[in-house]
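The basis for the numbers below is simple: all heavy atoms, side chains too, and nothing from hydrogens, waters or symmetry mates. Remember, it's 1-based here, ligands and their atoms both numbered in the order they're listed. The first residue of the sequence shown is numbered 1, and numbering continues consecutively from there.
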Amino acid sequence: MPEPHVFLTRPLSERVMRGARESLPAELRVHAGIDGPPSRESLLEGSRGASGIITMLTEKIDEEVLEAAGPQLRVVANVAVGFDNIDVEAAGRRGVIVTNTPGVLDEATADLTLALILSIARRVVEADRFVRTGRPWIWGPQSFVGLDLSAGATLGIVGLGRIGMATARRAHAFGMKLLATGRRATSQEAVRLGVEAVNLEQLLARSDAVSLHCPLTRETRHLIGAQELATMRKGSYLINTARGPLVDEESLADALESGHLAGAGLDVHEYEPQVNERLRRMEQVVVLPHIGSAGAATRDAMGTMAVKNVAEVLLGRPPLTAVAL
Ligand code: GLV
Ligand code: GLV
């Protein structure tokens, strides 16, 4: 039997790679492709005989991968806070620990959420595109008029957890009123920020902008569908920096096309990396390629955390951030 190794599905920053080589108690094998994630075959091949897998959210870690890895596999570390790409139950049945990277990307993701709120409310991307056409323009009292965040606009945060709270702090600083659902909606900090805890229906009916911050599970798939969009206020906005399948994109495109919704800011997509054709063509929609956590320090912290989780498990200690079953 060859010595078990740790398989890393994408090269990470130099800093993280150096740390990984120094701290992992096993040989590190890195998927060589720099252009993209491993193909399914390369993922299965790289996992074969591994004691640990450090994976990105683009890789589906299911029964087949766990089986291919073999019985010496002890830990799968996701370089992401969301872990819907991993079959946690199948891992649990095999005694394989699954870890994620909570906490370190809250601020970066909340920054990007505010960037999207501001971009669609103040029509930043649309106005930039206009200027780049080279058409003559002059200041106009009714040109590119959008929503004032500070004039009492209400932000509804669906799933007030760590990232939702970091978003709430920023929105509060911008003068927005806050509504929220989720486990921290009645916490001390929420109260201090003036958050009103409501149910989803009330949140949708009363918000000028709705921002999603819940994990993707069987229960939350299509949390926002035709009915929920119809419940939203006329002229309101939807922002999604969580997971694409939380939203039924075709229904969202309908709601935007009819003018019921005024805009959408989407960092994540239902069929990622495909972006919905209808949404992609709409001026009032900002589409980004899943960059919520893409700050240099944040990405280093995520990589370092994943490496530490693997090192701890292989050294026979509990990981820092195991995913609860
Ligand atoms: C990014 O989407 C993450 O879950 O960390
Ligand atoms: C805008 O530039 C203004 O001066 O009102």
Sub-3.5 Å N/O-N/O distance, [X] and ligand 1:
X: His290; value: yes
X: Val79; value: no
X: Arg243; value: yes
X: Val81; value: yes

### Message
With a heavy-atom distance limit of 4.0 Å, tell me whether Leu105 approaches ligand 1 through its side chain, its backbone, both, or neither.
### Response
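Within the 4.0 Å criterion, Leu105 contacts ligand 1 through side-chain atoms alone.
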### Query
What do we get for Leu57 next to ligand 1 when only non-hydrogen atoms under 4.0 Å count, side chain, backbone, both or neither?
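Looking at Leu57 and ligand 1, just side chain atoms fall under 4.0 Å.
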Do the charged groups of [X] and [Y] touch, with an N to O distance under 4.0 Å?
X: Arg221; Y: Glu270; value: no
X: Glu283; Y: Arg129; value: yes
X: Asp62; Y: Arg40; value: yes
X: Lys308; Y: Glu312; value: no
X: Arg278; Y: Glu249; value: no

### Query
What atoms of ligand 1 come closer than 4.0 angstrom to any heavy atom of Gly82?
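Near Gly82, the atoms of ligand 1 are 3 (C), 4 (O).
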### Query
So do the side chains of Leu320 and Thr99 get within less than 4.5 Å of each other, counting heavy atoms only?
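They are not in side-chain contact.
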